[in-house]
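Read through the structure below, which is laid out as structure tokens, and then see the notes.
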Amino acid sequence: ATGAAFDATCDRLLGRADEFDGRALLFLASTRMFGEDIDYELIFSALAPVLDSEDDEIAIGAADLLGDPALKQQDNDLRERIGDRLLQTAKESSRPPRLRSESALAAYQVGLGRHVQGGQGVLFDFLGSDDPDLRSAGALAMASIGVIEEVPQVESELARLAATPGMDG
């Protein structure tokens, strides 16, 4: 009964998402996703605005949570709305490469067929960018879904990253 009461408290707080900052919402949503009988509609409603956070790490966290594989089991209407929102973020050229790639990857992971294609298409487009950060983000995301040898640009970009000194190499 304690777990159910805790889940209910998290749900109540998530229902008042406009009272919390992005960091608190990430904490509440991620905590709630470990519970039982998860209301993914509530999770999505709380996290969708967080994708617009000016704090890139917070927005990336929201994209990551919205890419949870458990969402694949939800109804198509919710998956469509999540996929649409994630692809919208992935296509926003003013946003940082890592947020865009995480959003495209999450859309690929939980969306419907067009989101899978759209997410992969966004990542593929990143590979042709003049921006090395965007190319790197695209290659790493493509590699995480197992697309390496099928797309020559992924392999070459991963090789370039491997030869780069520092955190990215």
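Every value quoted in this text rests on a predicted model; they were computed, and no experiment measured them.
The neighbour count for Glu150 CD, taken as heavy atoms of other residues, nucleotides or ligands under 6.0 Å away, is above 12. Annotation for Glu149: atom CD does not count as buried by contact number, only 12 or fewer foreign heavy atoms lying within 6.0 Å. Shown here is Asp37, whose CG atom has no more than 12 heavy atoms of other residues, nucleotides or ligands within 6.0 Å.
Glu54 is linked by a salt bridge (charged side-chain N to carboxylate O under 4.0 Å, His left out) to nothing, counting only residues two or more places apart in sequence or in another chain. Applying the side chain to side chain donor-acceptor pair (under 3.5 Å) test to Ser156 and every residue at least two apart in sequence or in another chain returns nothing. Here Asp52 pairs with Arg85 under the side chain to side chain donor-acceptor pair (under 3.5 Å) rule; sequence neighbours left out. Asp11 pairs by the salt bridge (charged side-chain N to carboxylate O under 4.0 Å, His left out) definition with Arg32, not counting sequence neighbours. In terms of the side chain to side chain donor-acceptor pair (under 3.5 Å) criterion, Asp130 has no residue partners (sequence neighbours excluded). Under the salt bridge (charged side-chain N to carboxylate O under 4.0 Å, His left out) criterion, Asp77 pairs with Arg81, sequence neighbours left out. Partners of Arg95 according to the side chain to side chain donor-acceptor pair (under 3.5 Å) rule, which considers only residues two or more places apart in sequence or in another chain, do not exist here. Not a single salt bridge (charged side-chain N to carboxylate O under 4.0 Å, His left out) links Arg79 to another residue, sequence neighbours left out.
Among all heavy-atom pairs drawn from Asp131 and Pro97, the shortest one is OD2-CG, 4.1 Å. Of all the heavy atoms in Ser136 and Glu157, the pair that sits closest is OG-OE2, 3.2 Å. A pairwise comparison of heavy atoms in Ala141 and Ser144 identifies O-OG, 2.7 Å as the closest pair. Across all their heavy atoms, Val154 and Ala139 have their closest contact at CG1-O, 3.9 Å. Residue Ser101 comes nearest to Arg98 through the heavy atom pair OG-O, 3.1 Å, listed as atom of the first residue, atom of the second, then distance. Nearest approach of Cys10 to Thr31, heavy atoms of both residues: SG-CG2, 4.2 Å.
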Checking side chain to side chain contact (heavy atoms under 4.5 Å, CB included) for the pair Lys72/Gln109: CA distance, chi angles, key distance, verdict?
-> CA-CA 8 Å; Lys72 264 274 214 237; Gln109 291 172 323; over 6 Å; no
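Applying the salt bridge (Lys or Arg N to Asp or Glu O under 4.0 Å) definition to pairs two or more places apart or across chains, those involving residues 102-119 are Glu80-Arg114, Asp84-Arg114. Judged as a salt bridge (Lys or Arg N to Asp or Glu O under 4.0 Å), not a single pair has a partner in residues 115-129 (not counting sequence neighbours).
To the nearest 0.5 Å, atoms CD1 (Ile145) and CG (Leu140) are separated by 12.0 Å. Rounding to the nearest 0.5 Å places CD of Glu155 at 12.0 Å from CG of Leu127. The line from CD of Gln120 to CG of Leu105 is 10.5 Å long, rounded to the nearest 0.5 Å.
Grouping Ile, Leu, Val, Met, Phe, Trp and Tyr by side-chain contacts under 4.5 Å, direct or through others, puts Ile58 with Leu13, Leu14, Phe20, Leu25, Leu26, Leu28, Met33, Ile38, Tyr40, Leu42, Ile43, Phe44, Leu47, Val50, Leu51, Leu65, Leu66, Leu71, Leu78, Ile82, Leu86, Val110. Through side-chain heavy atoms spaced under 4.5 Å, either directly or across other Ile, Leu, Val, Met, Phe, Trp or Tyr residues, Leu99 is tied to Ile60.
In the hydrophobic cluster analysis, where Ile, Leu, Val, Met, Phe, Trp and Tyr join through side-chain heavy atoms closer than 4.5 angstrom, Val116 is grouped apart from Leu112.
Thr9 and Arg12 form a side-chain donor-acceptor contact under 3.5 Å, judged by distance and modelled atom types alone. Ser93 and Arg100 are not linked by any side-chain donor-acceptor pair at a separation below 3.5 angstrom, with hydrogens and angles left out of the test.
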